[in-house]
Asker: 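I am attaching a structure below and will ask some questions about it afterwards.
Everything numeric here is computed off the predicted structure, so don't read it as measured data. In what follows, every heavy atom counts, from backbone to side chain, and hydrogens, waters and symmetry copies are set aside.
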Amino acid sequence: MSNYNVNNTTISNLISWIHAGDIAIPEIQRPFVWKASKVRDLIDSLYKDYPVGYIITWQNPDTRLKDGSVSRGKRILIDGQQRVTALMAAIAGMEVIDDNFKKKPIKIAFNPIEEKFEVRNPAIDKDTKWIPDISEVFKQGYDQFRFMEKYCNDNTDISMNELNMIMQKLQKINFNSIGIIELSHELDIETVTEIFIRINSAGVVLSQADFAMSKIASNVVYDGMVIRKTIDYFSNLIKNPGIYDNIVANDKDFAELPHLQKLKWLKDYHKSVYEPGYTDVLRVAFIYKFRRGKLADLVSLLSGRDFEARVNREEIAEDSFLKLEEGVMSFIDETNFKRFLMIVKSTGIIDKSLVRSQNVLNFAYALFLLLREKDISGSEINHIVRKWLVFSILTGRYSGSPESWFEYDIRRFDTQEDPKQYLEQIEAGELSDAYWNHVLVTRLDSSVKSSPYFNLFTMAQVVNKDQAFLSKSITVQHLIEERGDVHHLFPKRYLQKNGVNNRSQYNQIGNYVYTEQVVNLAIKDKAPEDYMGSVKEQQDTNGLKIGESMDADALKENLAMNCVPESIYNMTVEDYPAFLDERRRLMAQKIKQYYWGL
């Protein structure tokens, strides 16, 4: 059997199929991203009988029902959502959802005399040469003769015959051909993904989460669209709480469901360190409820896939939709989400910049939900999740082949009678003395400021409430919260003037420290022995030149909390390599003490 069929249909047929529910177009319920001018250009291309590309549909797999019969799946629109939505807005007069979840029309105007399309505006409304909204022309019962009579009376420079020919050409858009590539229902999701990537001229990668969301929305038996909207609305509300009232006003059916009540807390919520998108919500719910890692498996399970018998069964589809909804509702629960965030912040992650991997946060949240389901005590949950989150960053556990690790880890946490045992087993195997004394020190040899290992050092400083370098009242946390920056202990210009011109050398993270801007400006391009000499000198004179007034003990403590070797008092450019080596070791030990103290 062929992997696909290529057919053609008309614009009017396509729109009628969508109205009849024969093709699932989940994107209609999501923000429309095209600009109105792009909709205008699409209509202009159709008017000129230019090709407008293909749409791609994928036949949902057939599902075996409980009575033994087979239900033919609905077609999902895989590629072409924006074009189809644009056609429905311009020709069928439908409203679209904008970025703020407000419904709005996109009205395309037409000037028959110039045969020109434009986005409707107030000036067009006042100009008799324009048809302000072409969707009126395509409505049933449209009286074209009366329109032409009035138009020619208002615009004497065009005859009835000329206008009639142009209007027929405009209405012919409805019968223009559009290509449809229909992918076989026998294709698995990996193959469908590969086909999409190869055939899409823009090279846009359609993720497995996109397939899953389309699959969810296409189901009408188990409230797929409700689940889809819940995920979409959460992932938008967490970034833009102001859209809540628009959702209530424009989606009255959803507003009456308990799902919206579960989202209501987000309307007063402020941005935080974890702002999940729809992919993250799906992934966490899937890992937590299904104890699996591959999102491709979710699409199969929602189709009722029996992996052993290699057939699709309705009871599996029903159970899978029920599990997914339970997982999503647990994810969006205010108590769960806020309690998880408290655990995240207790690790020192007080800003999004401190955690580069969304996978780390996603698995930690799935683990949190699993442990709550297993009725583990609150203090144990805090300890396990906090430790695992930092462990994942330390080891880069989810940086390569994350889905395999997700599944491996969640199943072992699930099957252990005491989940803490699995954590301890992994720690014993991967966090030996060799890791702390050699591996981590080597990983700190980096010039990437966003390195997870420098972030771990910073998190340790936050948890310890460390003061910024040469400061007594300003902490590292203060600087991060106020978007403070890191600066060089061996000033960059000083190193450059003395022959260290390679960025990967002078921008080593071992040379970075959080300090106030006024301190950095006072240091300028001085050698460490010079500016630290001034710091030492001001202890005796009480004349502040750099930083805040500190006695010898306070200054020693400040250097220690920032892992700055005391030998910095006598250092010049010749000592820079030795300084980096010593500071990396101090930073690694601080991270070690921080980890085992969590």
Asker: Using 30° and 60° as the class limits, which term best fits the ring planes of Y422 and F413: parallel, tilted or perpendicular?
Answerer: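 Answer is perpendicular, since the angle exceeds 60°.
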
Asker: Do you know the tightest heavy-atom contact between T395 and R443?
Answerer: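 Residues T395 and R443, closest heavy atoms: CA-NH1, 4.1 Å.
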
Asker: Donor-acceptor pair, N362 side chain versus V284 backbone, under 3.5 Å?
Answerer: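 Checking the backbone N and O of V284 against the side chain of N362, no donor-acceptor pair under 3.5 Å is found.
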
Asker: Rounded to the nearest 0.5 Å, what separates atom CG in D414 from atom CG in D409?
Answerer: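 Interatomic distance, D414 CG to D409 CG, rounded to 0.5 Å: 12.5 Å.
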
Asker: Is K590 salt-bridged to D466, cutoff N-O under 4.0 Å?
Answerer: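 Between D466 and K590 there is a salt bridge, with a charged N closer than 4.0 Å to a carboxylate O.
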
Asker: Do any N or O atoms from the side chain of T415 and from the backbone of R411 form a donor-acceptor pair under 3.5 angstrom?
Answerer: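 Yes, because the side chain of T415 sits within donor-acceptor range (under 3.5 Å) of the backbone of R411.
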
Asker: Cation-pi check for Y494 against K526: NZ or CZ below 6.0 Å from the six-membered ring centre and within 45 degrees of the axis, yes or no?
Answerer: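 No cation-pi geometry.
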
Asker: Work out which heavy atom in A588 is nearest to a heavy atom in W436; give both atom names and the distance.
Answerer: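 The pair with the smallest heavy-atom distance is CB-O, 3.8 Å.
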
Asker: Does the structure place the NZ or CZ of R412 under 6.0 Å from the centre of the six-membered ring of Y408, at an angle of no more than 45° from the ring's axis?
Answerer: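 Cation-pi check for R412 and Y408: passes.
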
Asker: I'd like to know if the side chain of D351 and the backbone of L354 have a donor-acceptor N/O pair within less than 3.5 Å.
Answerer: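 Between the backbone of L354 and the side chain of D351 there is no qualifying donor-acceptor contact (under 3.5 Å).
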
Asker: Between F286 and D297, is any pair of side-chain heavy atoms under 4.5 Å apart?
Answerer: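 A side-chain contact under 4.5 Å exists here.
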
Asker: Is the F406-Y398 ring centre distance short of 6.0 angstrom?
Answerer: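 Ring centroids of F406 and Y398 are less than 6.0 Å from each other.
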
Asker: Shortest non-hydrogen contact from H488 to Y506?
Answerer: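 In terms of heavy atoms, the two residues are closest at CD2-O, 3.1 Å.
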
Asker: Centroid separation under 6.0 Å, is that true for the rings of F391 and Y595?
Answerer: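 Between F391 and Y595, which both carry aromatic rings, the centre distance is not below 6.0 Å.
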
Asker: Could you walk me through whether Y365 and D280 pass the side chain to side chain donor-acceptor pair (under 3.5 Å) test, one step at a time?
Answerer: CA-CA 10 Å; Y365 194 19; D280 305 308; over 6 Å; no

Asker: Are E380 and K420 close enough for a salt bridge, meaning some N to O gap below 4.0 Å?
Answerer: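 Salt bridge present between E380 and K420.
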
Asker: Can you list the residues that meet the side chain to side chain donor-acceptor pair (under 3.5 Å) rule with Q461, with sequence neighbours excluded?
Answerer: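 Expected list: N562.
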
Asker: Do side-chain atoms of E548 reach the backbone of K472 as a donor and acceptor pair under 3.5 angstrom?
Answerer: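 Between the backbone of K472 and the side chain of E548 there is a qualifying donor-acceptor contact (under 3.5 Å).
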
Asker: Is there a donor in the side chain of Q593 and an acceptor in the side chain of N464, or the other way round, less than 3.5 Å apart?
Answerer: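 Not at all, the side chains of Q593 and N464 share no donor-acceptor pair under 3.5 Å.
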
Asker: Using atom types as modelled and distance alone, determine if a side-chain donor or acceptor of Q538 lies under 3.5 Å from a backbone N or O of I546.
Answerer: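 Checked: pair present.
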
Asker: What about the rings of W405 and F363, do their centers lie closer together than 6.0 Å?
Answerer: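 Judged by ring-centre distance (under 6.0 Å), W405 and F363 do not meet the cut-off.
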
Asker: Is the backbone of N236 close enough, under 3.5 Å, to the side chain of N240 for a donor and an acceptor to pair up by distance?
Answerer: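 Checked: no pair found.
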
Asker: Under 6.0 Å from the CD atom of Q496, do we count more than 12 heavy atoms belonging to anything else shown?
Answerer: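 More than 12 heavy atoms, drawn from other residues, nucleotides or ligands, come within 6.0 Å of this atom.
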
Asker: For Y569, does the six-membered ring have the charged nitrogen or CZ of K536 within the cation-pi criterion, i.e. under 6.0 angstrom from the centroid and within 45° of the normal?
Answerer: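 Yes - K536 lies over the ring of Y569, closer than 6.0 Å to its centre and within 45° of its axis.
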
Asker: In this structure, are over 12 heavy atoms from other groups packed under 6.0 Å from K239 atom NZ?
Answerer: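 More than 12 within 6.0 Å, yes.
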
Asker: Residues two or more places apart in sequence or in another chain: which of them pass side chain to side chain donor-acceptor pair (under 3.5 Å) with S404?
Answerer: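 Here no residue qualifies.
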
Asker: If we only count heavy atoms from C-beta on, is the Y269 to E334 side-chain gap below 4.5 Å?
Answerer: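 Y269 vs E334: side chains apart.
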
Asker: Verify the distance criterion only: is there a donor paired with an acceptor across the side chains of E516 and S471 at less than 3.5 Å?
Answerer: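 Yes.
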
Asker: Counting distance only, does the side-chain N/O of R386 pair as donor-acceptor with the main-chain N or O of I343 below 3.5 Å?
Answerer: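 No, because the side chain of R386 does not come within donor-acceptor range (under 3.5 Å) of the backbone of I343.
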
Asker: Is a side-chain N or O of N558 found less than 3.5 angstrom from the main chain of A468, in a donor-acceptor match?
Answerer: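 Side chain of N558 to backbone of A468, a donor-acceptor pair under 3.5 Å: yes, one is there.
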
Asker: Are F331 and F234 an aromatic pair by the rule of ring centers under 6.0 Å?
Answerer: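 Here the rings of F234 and F331 have centres that are less than 6.0 Å from each other.
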
Asker: Looking only at heavy atoms, what is the nearest atom pair of F321 and G224, with distance?
Answerer: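 In terms of heavy atoms, the two residues are closest at CE2-CA, 4.2 Å.
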
Asker: List the steps and the verdict of side chain to side chain donor-acceptor pair (under 3.5 Å) for E574 and T572.
Answerer: CA-CA 5 Å; E574 288 80 12; T572 62; 2.6 Å; yes

Asker: Is it true that E403 and R292 have a side-chain N and a carboxylate O under 4.0 angstrom from each other?
Answerer: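 Looking at R292 together with E403, the answer is no, because their closest N to O distance does not fall below 4.0 Å.
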
Asker: Under 6.0 Å from the NZ atom of K374, do we count more than 12 heavy atoms belonging to anything else shown?
Answerer: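 Enclosed.
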
Asker: Check whether the side chains of N455 and R356 place a donor and an acceptor atom closer than 3.5 Å, and report yes or no.
Answerer: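 There is no such pair (donor and acceptor under 3.5 Å, judged by atom type) between the side chains of N455 and R356.
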
Asker: How about W265 and Y244: are their ring centres within less than 6.0 Å of each other?
Answerer: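 No, the ring centres sit 6.0 Å or more apart.
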
Asker: Is E430 paired with R397 through a side-chain N to carboxylate O contact shorter than 4.0 Å?
Answerer: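 The answer is yes: the pair qualifies as a salt bridge.
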
Asker: Quick check: are there more than 12 heavy atoms from other residues, nucleotides or ligands sitting under 6.0 Å from CD of Q517?
Answerer: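 12 or below, so no.
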
Asker: Between E275 and K352, is the closest basic N to carboxylate O distance under 4.0 Å?
Answerer: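 Yes, K352 and E275 are salt-bridged.
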
Asker: Tell me if the centroids of the rings in H487 and Y512 come within less than 6.0 Å of each other.
Answerer: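 So the answer is no for these two rings.
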
Asker: Quick one: do the Y288 and E373 side chains pair a donor with an acceptor below 3.5 Å?
Answerer: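 Yes, a side-chain donor-acceptor pair sits under 3.5 Å.
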
Asker: Would you find more than 12 non-hydrogen atoms of other residues, nucleotides or ligands less than 6.0 Å from K102 atom NZ?
Answerer: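 Atom NZ in K102 is not packed in, count stays at 12 or less.
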
